[in-house]
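In what follows, a single structure is set out as structure tokens and then discussed.
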Amino acid sequence: MAGSLQGKVAFITGAARGQGRSHAVRLAREGADVIAVDICAQMGSVDYPMATEADLAETARQVEALDRRVVTRVADVRDRAQLATAVDAGVAELGRLDVVVANAGISPLGASHGSRAWFDAVTVDLVGVITTVEVAFDHLSAGASIICTGSMAAMMGGVGSGGGGGAGYAFAKREVARFVHDLAAELAPQSIRVNAVHPGNIDTPMLQNEMMYKMFRPDLENPTRADAEPGFASMHKMPVTTLDANDISEAVLFLASDASRYVTGLQLKVEAGALLGMSTSGAPG
Ligand SMILES: NC(=O)c1ccc[n+]([C@@H]2O[C@H](COP(=O)([O-])OP(=O)(O)OC[C@H]3O[C@@H](n4cnc5c(N)ncnc54)[C@H](O)[C@@H]3O)[C@@H](O)[C@H]2O)c1
């Protein structure tokens, strides 16, 4: 049976692991071919291990195991030339572009990098998202779907009040929401849709690392995952500690497919109710 993305091509950033890999595999299972991009390198202000080329190769292996084609490129979303070269190469090989998933992100919350971490969060999590969409734009036509990854942090009052990377992350994600809202209005007459997904606490290496455990349990010397988990859970109103990457991929699939063909400008929260009852004033609806 043909999948809902049969014959389509998706460009996904941050695709080496975590949610990006999950999106690549989920969309491939629905028939999409994939252009998978990742920096595959460490950034100085990020105090947890970032993805490797071996991770990106594993994503490719999983997509190919579904009998789909994949083009992988190592590229930094902060580097427009690298990113444009990557998407152009992918389109040249796969023939078209229908879906853009601007997912790459960092969470440089460690205390030691100060305002450098603020700028790194903003250049990757906001400017990188805009650049991803911009380099892809000339390949898109009516029916295309753009999906940008925000965060529940985008709409949570108080997040980032400690300054540095946390403040940069919150600013970047808030502005991703606004970018999606305004770009959706810009591209609607061309029948190109633009939507955001805002994840809760997701079980990926961005959350499951010692730096994050320390953020959640600053009272402990060497906190473990078990020490941090009650904190992860307490942010969700539904009784769940972390969501699976695939929970976000299902939302991405809906937004990528024609099942949502008249949905644009949506801020789709997949956060187990974390934001319910919170003031999200100023966030685009
Ligand atoms: N994990 C969570 O709890 C959570 C919650 C809300 C939002 N998010 C967002 O979800 C998205 C995916 O994160 P994840 O949870 O899969 O984390 P992750 O760290 O497992 O994956 C992020 C990927 O992006 C890549 N990347 C980082 N900087 C890049 C750059 N400059 N250029 C290209 N690639 C780069 C990394 O190498 C990595 O493979 C991010 O935008 C993140 O902010 C995550």
Side-chain angles (χ1 to χ4, degrees), residues 11-24 36-59 72-80 82-83 86-87 101-109 119-129 131-132 135 147-156 159 165-166 168-174 176-177 196-209 211-212 215-216 228-229 231-233 235-236 240-249 251-252 268-272 274-275:
F11 170 42
I12 304 173
T13 63
R17 71 175 193 196
Q19 294 175 57
R21 176 190 287 167
S22 174
H23 301 340
V37 165
D38 203 287
I39 189 173
C40 300
Q42 195 63 33
M43 289 175 59
S45 61
V46 177
D47 288 339
Y48 58 89
M50 290 172 64
T52 63
E53 292 198 44
D55 292 324
L56 187 58
E58 173 59 18
T59 297
T72 58
R73 285 288 183 281
V74 173
D76 184 338
V77 296
R78 295 171 299 171
D79 185 326
R80 188 191 182 282
Q82 272 183 17
L83 209 52
V87 73
V101 187
N103 160 83
I106 56 169
S107 179
L109 308 184
F119 282 109
D120 285 352
V122 171
T123 52
V124 175
D125 297 339
L126 173 62
V127 184
V129 165
T131 305
T132 298
V135 298
I147 300 142
C148 300
T149 304
S151 168
M152 64 179 167
M155 298 172 190
M156 221 168 227
V159 174
Y169 187 83
F171 170 73
K173 296 299 189 179
R174 278 198 301 272
V176 166
V197 285
H198 295 293
N201 286 325
I202 313 302
D203 193 6
T204 69
M206 179 182 283
L207 188 73
Q208 301 292 5
N209 62 73
M211 177 214 75
M212 200 62 92
M215 293 288 304
F216 276 79
E229 278 185 342
F232 297 163
M235 293 175 75
H236 302 137
V240 58
T241 302
T242 54
L243 315 189
D244 292 337
N246 191 59
D247 292 312
I248 310 305
S249 300
V252 167
L268 180 47
K269 297 171 283 172
V270 187
E271 36 62 290
L275 293 161

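When a ligand or atom number is given, it counts from 1 through the structure's own listing order.
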Worksheet item: For V46 and P108, which heavy atoms make the closest approach, and how far apart are they?
Response: CG2-CB, 4.3 Å
Fill in: Shortest non-hydrogen contact between V176 and V129, atoms and distance
CG2-CG2, 4.3 Å
Practice prompt. Flag the pair S22 / N246 as yes when at least one side-chain heavy-atom distance between them is below 4.5 Å, and no otherwise.
Written response: yes
Residue part near ligand 1, for [X], under 4.0 Å between non-hydrogen atoms:
| X | value |
| --- | --- |
| S107 | neither |
| D76 | both |
| K173 | side chain |

Of all the atoms in ligand 1, which lie at a distance below 4.0 Å from a heavy atom belonging to [X]?
| X | value |
| --- | --- |
| M50 | 27 (C), 28 (N) |
| G18 | 16 (O), 20 (O) |
| I106 | 27 (C), 28 (N) |
| P205 | 20 (O) |
| A75 | 32 (N), 33 (C) |
| V124 | 28 (N), 31 (N) |

Worksheet item: Side-chain donor-acceptor pair under 3.5 Å between S151 and H198, yes or no?
Response: no
Worksheet item: For S45 and D120, does a side-chain donor sit closer than 3.5 Å to a side-chain acceptor?
Response: yes
Compute the shortest N/O to N/O distance between [X] and ligand 1 and return yes if it is under 3.5 Å, no if not.
| X | value |
| --- | --- |
| R17 | yes |
| A16 | no |
| S151 | no |
| Y48 | no |

Which residue holds the protein heavy atom closest to [atom], what is that atom called, and what is the gap in Å?
| atom | value |
| --- | --- |
| atom 29 (C) of ligand 1 | I39 CG2, 3.5 Å |
| atom 2 (C) of ligand 1 | I202 N, 3.6 Å |
| atom 43 (O) of ligand 1 | Y169 OH, 2.8 Å |
| atom 24 (O) of ligand 1 | G14 CA, 3.4 Å |
| atom 40 (C) of ligand 1 | N103 O, 3.2 Å |
| atom 14 (P) of ligand 1 | T204 OG1, 3.5 Å |
| atom 16 (O) of ligand 1 | Q19 N, 2.8 Å |

Name the option, out of [options], that contains the heavy atom nearest to [atom].
| atom | options | result |
| --- | --- | --- |
| atom 17 (O) of ligand 1 | M43, M206, M212 | M206 |
| atom 32 (N) of ligand 1 | V197, T131, L207, V77 | V77 |
| atom 9 (C) of ligand 1 | N201, T149, V101, N209 | T149 |
| atom 27 (C) of ligand 1 | G150, C148, G105 | G105 |
| atom 5 (C) of ligand 1 | G128, G200, A245 | G200 |

How far does [atom1] of [X] sit from [atom2] of [Y], to the nearest 0.5 angstrom?
| X | Y | atom1 | atom2 | value |
| --- | --- | --- | --- | --- |
| I147 | I248 | CD1 | CD1 | 12.5 Å |
| M50 | N209 | CE | CG | 12.0 Å |
| L275 | M156 | CG | CE | 5.0 Å |
| R174 | D125 | CZ | CG | 12.5 Å |
| Q42 | D47 | CD | CG | 8.5 Å |

Response to the item:
Sorted by chain and residue number, the ring pair (Phe, Tyr, Trp, His ring centres under 6.0 Å) partners of F216 (sequence neighbours excluded) come out as F232
Checking the side chain of [X] only, and the main-chain atoms of [Y] only, is there a donor and an acceptor separated by less than 3.5 Å?
| X | Y | answer |
| --- | --- | --- |
| E271 | P199 | no |
| T13 | V37 | no |
| H236 | N201 | yes |

Worksheet item: Looking at residues at least two apart in the chain, or sitting in another chain, which of them share a side-chain contact (heavy atoms from CB on, under 4.5 Å) with T131?
Response: R80, L83, V127, V135
Worksheet item: Heavy-atom contact under 4.0 Å between D38 and ligand 1?
Response: yes
